[in-house]
Amino acid sequence: MKALFEPECKWRLVEEFGTGGFQTRPDGKLLFTADYTNKEDILTWLLTFRDRAELLEPEDLRAELVEALKIIMQKYGESDNLNAGT
């Protein structure tokens, strides 16, 4: 998989994968590449970075992440609407 991380994520990538798992781009962002064996684990891991990571490849995993985020947004949107009157 390939993902793009904000520069402030560097310490965590180094801690978890060492210095060989990413390249620093001219804009300071980190292009991270890794193999994965479990889709659920990699999606969960990416979500821990919140908006500081963008999954670039593979496209099917990116689509799964988008669907998961849509479901999360619907749940929180419904929760906000339910609590609006309290």
Side-chain angles (χ1 to χ4, degrees):
M1 71 118 193
K2 285 186 181 180
L4 197 57
F5 289 86
E6 295 296 325
E8 61 266 20
C9 299
K10 184 176 184 175
W11 70 269
R12 189 164 159 202
L13 294 177
V14 170
E15 187 173 287
E16 294 180 20
F17 293 94
T19 57
F22 62 89
Q23 297 175 337
T24 304
R25 296 179 3 159
D27 63 0
K29 292 187 179 183
L30 310 168
L31 182 60
F32 176 78
T33 57
D35 293 328
Y36 65 93
T37 56
N38 184 304
K39 287 194 294 187
E40 203 60 36
D41 287 347
I42 199 67
L43 291 174
T44 300
W45 179 74
L46 284 167
L47 287 170
T48 66
F49 288 92
R50 299 186 331 209
D51 63 338
R52 295 179 308 249
E54 178 185 358
L55 179 61
L56 303 174
E57 295 177 8
E59 188 62 37
D60 63 322
L61 192 60
R62 184 178 165 100
E64 277 191 52
L65 182 58
V66 168
E67 286 305 311
L69 291 169
K70 285 179 184 177
I71 291 168
I72 291 168
M73 288 175 60
Q74 287 174 349
K75 283 185 178 184
Y76 281 91
E78 289 172 11
S79 174
D80 288 345
N81 291 336
L82 291 174
N83 294 325
T86 59

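Leu43 and Leu56 fall into different hydrophobic clusters, where Ile, Leu, Val, Met, Phe, Trp and Tyr are joined by side-chain heavy atoms under 4.5 Å apart, directly or via other members. Neither Leu31 nor Phe49 shares a network with the other; the hydrophobic side chains, linked directly or stepwise wherever heavy atoms of I, L, V, M, F, W or Y lie under 4.5 Å apart, form separate groups for each. When hydrophobic clusters are built by joining Ile, Leu, Val, Met, Phe, Trp and Tyr residues whose side-chain heavy atoms come closer than 4.5 Å, directly or via intermediates, Trp45 is grouped together with Val14.
Residues passing the salt bridge (Lys or Arg N to Asp or Glu O under 4.0 Å) test with Glu54, sequence neighbours excluded: Arg62. Considering only residues two or more places apart in sequence or on other chains, Glu67 meets the salt bridge (Lys or Arg N to Asp or Glu O under 4.0 Å) condition with Lys70.
Distance check, rounded to the nearest 0.5 Å: SG of Cys9 to NZ of Lys29 gives 10.5 Å. Between Leu30 atom CG and Thr33 atom OG1 the span is 11.5 Å, to the nearest 0.5 Å. Note that NZ of Lys39 and OG1 of Thr37 are 12.0 Å apart. Values are rounded to the nearest 0.5 Å. To the nearest 0.5 Å, atoms CD1 (Ile42) and CE (Met1) are separated by 4.0 Å. Between atom CZ of residue Arg52 and atom CD of residue Glu8 there is a gap of 6.0 Å, rounded to the nearest 0.5 Å.
Between Glu40 and Asn38, the closest heavy-atom pair is N-OD1, 2.9 Å. Heavy atoms only, all atoms of each residue included: Pro7 and Gly28 are closest at CG-O, 3.2 Å. Shortest non-hydrogen contact noted between Ala3 and Leu46 is CB-CD2, 4.2 Å.
For Glu16, the CD atom counts as densely surrounded, since its 6.0 Å shell holds more than 12 non-hydrogen atoms of other residues, nucleotides or ligands.
Exactly one of Leu65, Ile71, Val66 qualifies for a side chain to side chain contact (heavy atoms under 4.5 Å, CB included) with Leu69. That residue is Leu65.
Contact annotation: the side chain of Phe22 never approaches that of Phe5 to less than 4.5 Å [non-hydrogen atoms, C-beta and beyond]. Looking at Phe32 and Phe17, their side chains come closer than 4.5 Å, going by heavy atoms from C-beta outward.
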